[in-house]
Amino acid sequence: MLDPNLIREKPEFVKEGIKNKGSDPNLVDKFLEIDKKRRELIKEIDNLRHTRKELSESIGKKLKQGENVDDIRAEVRKLGDKIDQIEKELEGVEKTYKDILLSIPNLPHPSVPVGKDETENLVLRKEGRIREFSFTPKPHWEIAEELGLIDFKRAVKISGSRFYVLTGLGAKLERALISFMIDYHVEHHGYKEVFPPFLINRDSMIGTGQLPKFAEDMYKIEGEELYLDPTAEVPVTNLHRDEILNEEDLPIKYVAYTACFRKEAGAAGKDTRGIIRVHQFNKVEMVRFTKPEDSYKNLYELLDNAEDILRALELPYQIKMMCTGDLGFTAAMKFDPEVYMGAQEKYVEISSVSNFEDFQARRANIRYKTKDGDLKFVHTLNGSGLAVGRTMAAILENYQNEDGSITIPKVLQKYMGIDKITRK
RNA sequence: GGAGAGAUGGCCGAGUAGGCUGAAGGCACUCGCCUGCUAAGCGAGUGAGGGGCCUAAAACCCCUCCGCGGGUUCGAAUCCCGCUCUCUCCGCCA
C-alpha cells in the first residue's frame, strides 16, 4: 500500500512509477476522485455527529431539571436518520477507496532500470566456475531416477502432475539441504530460526500483498478462510502484523523453512520435466524488518547471505537485477540469483531477494517507535536462501560423474554422512 | 466435539439500575527535583486512527476507537443478538 498522502501530493510521480511497472496509471485518478468524495463525506458526518452529541447531552441535563425534552428528542432522532444515511454512503466509498489503494503496486526505486518485462532484466555478474564435462551430462530428472532419488510416476498416482516423491538418499539430501541452509544463516548471519504454520488466514495474505490481487495463484482450504502457504515470506512477515517494534531491536532477522504451495496457473507447458516448476516445494527464507534508512544496506546483506549458500555449495550462478516491469506487485527493488544447471546449460532462478520498503508494512501495519517517540512504518525485506528443490537439481546436474554417481558437496557431507551417491 | 469463564490503553487492572470515562488505580517509560553512588522519594508528562485548519510542521478544533459485527436508545465500555479468539474442565487424538 502506498502512502495516500504521496498519491495526493505527487500524482504524476506516482503515475510514472506505476506505468513503469506495467500497471494502469489511471488508478491514480480513480483514487484521487474517490479520495475527495471520501473526505467530503467524513467532514459532513463529523459535523452532524458533533451536533447530535451536544443535543444529546443537553437532553440529559434537561431531564435532570425535569424539563420537557420531546421536541429535542424528535429533532435528534431526525439527525440520527440523516447520519445513518450518509454513513451508508460512506461505507461504499470506503470500500472502493480501500480496494483501489490495495490494488496499486509498489513504486520502483528510482535506480531500478526501466524495462517492460523479464527480457530487459540486467545480468549484473556471473560467479563461480562452470564445469567442463568430459562426457555428456544428464539432466537432473534422469540422474535422479537412475539413482532412485526421485519417483515421478508414483507422485502422479498419489497427487498429480507437477508433484514428485523423494525417496531414499534423495529424501535425505533434501533434509540435509534444509538443515544446512538454516544452520548456516543462524550461525554465520545472525538470523533467528522460525517454524511457522503452513495454513494462513486472509488478513496475513493481504498484509504481504498476495491478496486480493493474486488469489488464483494460491490453494485455498475449502469452506475456510485459510490458504496454503505460498512462501515463508507470508507467515514470517506477518509475525509482527499490527505490532509496534522497538527501534533498538531493528533490524530483526528471521530464517524459516516452509513447504511452499503454488498453483502455477498460466505456466502450462513450462518446465514440465524435473523438479523445477512444481506445486509443492521446500524453501528456506530469510526475512528482515529494518529502519527505513537502513533498508538498502540490508538488501545487499540479504543478497550476500543468499550468495553465501551458493558459494558454500560451490555452485556457479549469476545475479540478475530485475527491471521495473519484472519487479512484481510488491517490490521496490529485486535481485534474482540464478544457479547454473550443468546439463541443461542454462541459468535457473534459485532465489529472489527483495526490498518492499514500507509497502507491506503499511498493509500489515508494522511500525516501530523511534527514540523521539514517533511511530514510523518499518521496511520489510526478504530473500530465499535458497529454494531447496532447485538446489538439489543443480547439485545433481553439476556434481554428476561419468559413472552415474553424484559427489556430495563438501559442506553437505557431514549432514549426509557420505561423500558420494552411487548406483546400487 | 461438549460444558463453563473471559476479552478494557505498552502491561496489570477498576468501571454495568446507559449520560463530560479515552476511560480510576498500579506498573513501565520520559523530563525535572532530591540524594556520596545505587535504591527509595517528590513533581510533571505519556494511546491510536481519521478529518479540518495550514505553503508545511507544531499548536489548535472536531469525529471515531473499551475483541469484531449488528440491534435497542435522544445517548452504549455499560442493555440485547450473532461471530471470533483466549482460558478451565470433559471427550478424542499425532
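Every value quoted in this text rests on a predicted model; they were computed, and no experiment measured them.
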Quickly work out the [X] [atom1] to [N] [atom2] distance and round it to whole Å.
| X | N | atom1 | atom2 | answer |
| --- | --- | --- | --- | --- |
| A/N201 | B/C85 | CG | P | 10 Å |
| A/E54 | B/C61 | CD | C1' | 12 Å |
| A/I42 | B/C61 | CD1 | P | 20 Å |
| A/D374 | B/U30 | CG | P | 16 Å |
| A/E225 | B/C68 | CD | P | 19 Å |
| A/H50 | B/C20 | NE2 | P | 17 Å |
| A/F377 | B/G49 | CZ | C1' | 10 Å |
| A/I244 | B/U46 | CD1 | P | 17 Å |

Nucleotides 64-67 of chain B: which of its N/O atoms have a protein N/O under 3.5 Å away?
residue: B/U64; atom: OP2; partner: A/K53; partner atom: NZ; Å: 3.3

Shortest side-chain distance from A/V76, nucleotide among B/C74, B/G51, B/C63: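 Given the options B/C74, B/G51, B/C63, the side chain of A/V76 is closest to B/C74.
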
Ring geometry between A/F335 and A/Y300 (parallel below 30°, tilted from 30 to 60°, perpendicular above 60°):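 Aromatic pair A/Y300/A/F335 classed tilted.
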
Parallel, tilted or perpendicular: ring planes of A/F289 versus A/H240, cut at 30 and 60 degrees: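 It falls in the perpendicular class, over 60°.
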
Sugar-phosphate only, base, or nothing, as touched by A/R39 at under 4.0 Å among non-hydrogen atoms: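 Result for A/R39 = sugar-phosphate.
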
Touch class at under 4.0 angstrom, heavy-atom based, for A/I59 against every strand present: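 Base, at least one base atom sits under 4.0 Å.
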
Given RNA chain B, 5'-ward residue of the pair A/L63 and A/N47, judged by closest heavy atom: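 Nearest-nucleotide comparison on RNA chain B picks A/L63.
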
side-chain hydrogen bond (donor to acceptor under 3.5 Å, both in side chains) partners of A/E94, counting only residues at least two apart: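 Scan of A/E94 (side-chain hydrogen bond (donor to acceptor under 3.5 Å, both in side chains), adjacent residues dropped) gives A/R38.
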
Presence of A/R8 side-chain N/O under 4.0 Å of B/G51 phosphate oxygens OP1/OP2: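 For B/G51, OP1 or OP2 has a side-chain N or O of A/R8 closer than 4.0 Å.
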
Test: A/K253 cationic atom under 6.0 Å from A/Y191 six-membered ring centre, within 45° of axis: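 Yes, a cation-pi geometry holds between A/K253 and A/Y191.
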
